J.: 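To start, I am sharing the structure in question, which I have written as structure tokens.
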Amino acid sequence: MLVKAITGFQDILPDRAARFARLEKTARDVFARYAYREIRVPEMEYTELFARGIGQTTDIVEKEMFTLQDSKGRAMSLRPEGTAGVVRAFIENGLATQDPQARLFYMGAMFRHEKPQKGRFRQFHQIGAEAFGSEDALLDAEVIAMLMDILREADVPGLRLEINSIGDDDSRGRFRKALVEYFEKHRDRLCKDCLRRLDTNPMRLLDCKVESCIGIVRSAPTILPFLNDDCAAHFDSVQNYLRAFGVEFFVNERIVRGLDYYTRTAFEVTTDRLGAQNAVAGGGRYDGLVESLGGPKVPGIGFAIGMERVVELMAERDEDAAQTASIMLVPMDENARRVCVRLAAAIRARGASCLVGVDGRSVKAQMKKADRAGARFALVIGEKELEEKRVDVKDMGENRLAPDGITPEDLAEMFAGAMAESGSAS
RNA sequence: GUGGGCGUAGCUCAGCUGGUUAGAGCGCCAGGUUGUGGCCCUGGAGGUCGAGGGUUCGAAGCCCUUCGCUCACCCCA
């Protein structure tokens, strides 16, 4: 019986891996332009970090973490998101004082024990960014602009950016209270999920898709009027800077994030092409997180991109094609194989890719391989070539991997060199 | 965790109300072309029909159980 992959964990085969790599490269390019530097943090942390950071009563912490115990009985969890670990590292390594305005990015695997469906896996990958040390609305707008740059340059079509402000503790506290009061009055008409939410996370009611609830939600209080002057001015300012950055957005007062650490600016990028899991990126400001994890009072803002969801949407590009070698060497016997090995080394030393046929297969089979590999040139090397000390370089045609800077004449010359070397070695 | 749909070759899928050696296309391998790819033709390898049990003279097809995948709820990237 074949041992299969764990439910919700998937293999990313070469064709799709090429897209992942392209997305990563695009992100790295954009991050560099915004002066962000990479940070790599562990994929497992003490469970307590996530409980304190993300929030004890969030779904993620309550029921979605992969948790195990070390030999001393201390609980550790595979990271369900990236921010908590980055903030921990930020504090623990003294960046909070040495480089309080650090701008960091990360990419890697996250783990949540949810039931898999389209666009949702138990191991998935995120690209994220965190900017510390400033409450300036300019930074909020810049972080969002950077996110949109990545998605645009990755060729992701049909996106919608929605932003909201969920206020600070003070504003949100008053809003939450008003919300509970309002929904209590309509208690008898709420779905049972909403009744539960009323106790655990009242703001989530705003998100309910049950028809009877939608009606009630429609006339529920909204967050913006509850914002205090500071938060309202900040949100205003974020919008103005976004316009200055030329980023199109929609204000959606229903955006509620599922992680407790968010404050003020919250945003989501969605698509209508992915089914139910329509969020491709999300993020927001977390001005109290560093402090609540034991660091100094340093504000922050960040986002995370769901790589699987973005890759699903990315337009195809030629560079993703399964082309692997620009030059194919086709040896016909053992002597030719030795020459080919030397020739291959010389070609690779010049920075071009090449493939040597193995298993002594027929010339036809090896040429077929050359075709599949996308090779531009093929060299068939047998008795005749070794005797005459010359080789014909076959041009496989246009639209193939170009062997940068290596011409057929170079190859012929390199062949002679490889022969001489091989001769003197024997 | 709850519900719907689906499990037949590496992939995409046929397989009539249960009936003989389970098929196709793509892919892979070989040959047609004594040493040259793509197109075409021919052939080949590859399946415990997800697993276990039951009904039956006979099960890929019916029944039960179980596992897996998938979509949706929930939640989120």
Side-chain angles (χ1 to χ4, degrees), chain A residues 1-8 10 13 15 23 54 58-64 80-83 107-128 147 151 191-194 196-197 200-201 204 207-210 255-259 262 267-271 274-284 302-313 322 328-333 336 357 359 361-385 391-400:
Chain A
M1 185 76 169
L2 172 70
V3 178
K4 299 209 262 192
I6 298 169
T7 296
Q10 52 171 358
L13 270 26
D15 280 348
L23 175 57
I54 301 167
T58 56
D59 281 18
I60 293 177
V61 169
E62 266 183 349
K63 51 192 190 198
E64 294 175 3
E81 58 99 51
T83 301
M107 34 188 75
M110 307 294 161
F111 305 83
R112 294 184 197 172
H113 194 113
E114 300 181 87
K115 191 141 180 193
Q117 69 183 71
K118 191 173 176 63
R120 192 172 78 184
F121 312 99
R122 289 185 176 174
Q123 177 182 331
F124 60 103
H125 300 81
Q126 293 188 332
I127 295 175
L147 165 62
L151 296 174
C191 70
K192 57 177 184 296
D193 282 326
C194 281
R196 180 176 50 80
R197 293 186 186 111
T200 57
N201 195 344
R204 290 237 75 95
D207 235 7
C208 190
K209 284 136 197 151
V210 176
I255 290 185
V256 183
R257 313 252 62 224
L259 291 72
Y262 285 113
F267 54 90
E268 263 178 28
V269 181
T270 58
T271 171
L274 279 182
Q277 304 304 313
N278 64 350
V280 303
F303 65 72
I305 298 171
M307 294 186 69
E308 281 79 359
R309 294 181 186 177
V310 171
V311 164
E312 185 83 16
L313 294 168
M328 177 81 194
L329 304 183
V330 181
M332 293 183 62
D333 58 33
D359 291 341
R361 296 173 65 190
S362 67
V363 171
K364 176 177 174 161
Q366 294 192 59
M367 288 305 294
K368 204 166 184 174
K369 178 84 181 166
D371 186 49
R372 304 264 154 92
R376 177 61 196 258
F377 298 124
L379 282 69
V380 175
I381 297 169
E383 256 178 70
K384 194 182 91 185
E385 285 73 18
V391 64
D392 285 325
V393 176
K394 176 166 178 124
D395 190 322
M396 306 285 290
E398 303 294 322
N399 299 323
R400 297 175 162 277

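Source: prediction; values computed, not measured. So that the names make sense, note that chain A is the first sequence line, chain B the second, and so on, each numbered from 1. In what follows, every heavy atom counts, from backbone to side chain, and hydrogens, waters and symmetry copies are set aside.
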J.: What about A/Arg120, does its side chain sit under 3.5 Å from the base of B/rC75 through a donor-acceptor pair?
T.: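 Indeed there is one.
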J.: State whether the distance check finds a donor on one side and an acceptor on the other, under 3.5 Å, for side chain A/Glu385 versus base B/rG35.
T.: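 Indeed, a donor on one side and an acceptor on the other fall under 3.5 Å apart.
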J.: Whole angstroms only, please: what is the CD-P distance between A/Gln123 and B/rA77?
T.: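 Nearest whole value for this atom pair: 17 Å.
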J.: Would you measure the distance from the C1' atom in B/rG18 across to the matching atom in B/rG3 and give it in whole Å?
T.: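 After rounding to an integer number of Å, I get 31 Å for this pair.
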J.: Ignoring hydrogens and angles, write down the donor-acceptor pairs under 3.5 Å from the side chains of residues 363-372 of chain A, residues two or more places apart or on other chains.
T.:
from     : atom 1 : to       : atom 2 : distance (Å)
A/Gln366 : NE2    : A/Pro331 : O      : 3.2
A/Gln366 : NE2    : A/Arg361 : O      : 2.9
A/Asp371 : OD1    : A/Arg400 : NH2    : 2.5

J.: Is there a side-chain contact between A/Ile381 and A/Val330, using heavy atoms and a 4.5 Å cut-off?
T.: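 When only atoms from C-beta onward are counted, A/Val330 and A/Ile381 do not touch, as no gap falls below 4.5 Å.
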J.: Provide the Watson-Crick or G-U wobble partner of B/rG43, both distances under 3.5 Å; none if there is no partner.
T.: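 With both distances under 3.5 Å, B/rG43 matches B/rC29.
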J.: Is A/Gln117 close enough to B/rA72 that one of its side-chain N or O atoms is under 4.0 Å from OP1 or OP2 there?
T.: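 For A/Gln117, the contact criterion (side-chain N or O under 4.0 Å from OP1 or OP2 of B/rA72) is met.
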J.: Do the side chains of A/Glu114 and A/Arg122 get close enough for a salt bridge, i.e. N-O under 4.0 angstrom?
T.: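 Looking at A/Glu114 and A/Arg122, the cut-off is not met.
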J.: For the side chain of A/Lys368, starting at C-beta, report the closest nucleotide among B/rG38, B/rU70, B/rG35.
T.: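 Out of B/rG38, B/rU70, B/rG35, the nucleotide with an atom closest to A/Lys368's side chain is B/rG38.
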J.: Identify whether any heavy atom of A/Thr58 sits under 4.0 Å from a base atom; if not, whether one sits that close to sugar-phosphate; answer base, sugar-phosphate or nothing.
T.: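 The answer is nothing, as A/Thr58 stays clear of every strand by at least 4.0 Å.
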J.: Determine whether any donor atom in the side chain of A/Lys364 lies under 3.5 Å from an acceptor atom in the base of B/rG32, or the reverse, and answer yes or no.
T.: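 Yes, a donor-acceptor pair under 3.5 Å.
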J.: For A/Gly128, does its backbone N or O pair with a side-chain atom of A/Gln126 as donor and acceptor, under 3.5 Å?
T.: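 Such a contact is absent between A/Gln126 side chain and A/Gly128 backbone.
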J.: Rounded to whole angstrom units, what separation is found between the CZ atom of A/Arg122 and the C1' atom of B/rG68?
T.: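 Rounding to the nearest Å, CZ of A/Arg122 and C1' of B/rG68 are 12 Å apart.
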J.: Please determine, for B/rG52, whether a Watson-Crick or G-U wobble partner exists with both distances under 3.5 Å, and give it or none.
T.: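 Looking at the geometry, B/rG52 pairs with B/rC64.
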J.: With a cut-off of less than 4.0 Å, is there a side-chain N or O of A/Arg361 near OP1 or OP2 of B/rA30?
T.: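 For B/rA30, OP1/OP2 do have a side-chain N/O of A/Arg361 under 4.0 Å.
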J.: For B/rC69, give its Watson-Crick or G-U wobble partner with both distances under 3.5 Å, or none.
T.: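 Its partner is B/rG5.
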J.: How long is the line joining CD of A/Glu312 and C1' of B/rA77, in whole Å?
T.: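 Interatomic distance, CD of A/Glu312 to C1' of B/rA77: 14 Å.
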J.: Look through every strand shown and name the nucleotide pairing with B/rC16 as Watson-Crick or G-U wobble, where both distances are under 3.5 Å.
T.: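 Pairing partner, where one exists within any strand: none, as none qualifies.
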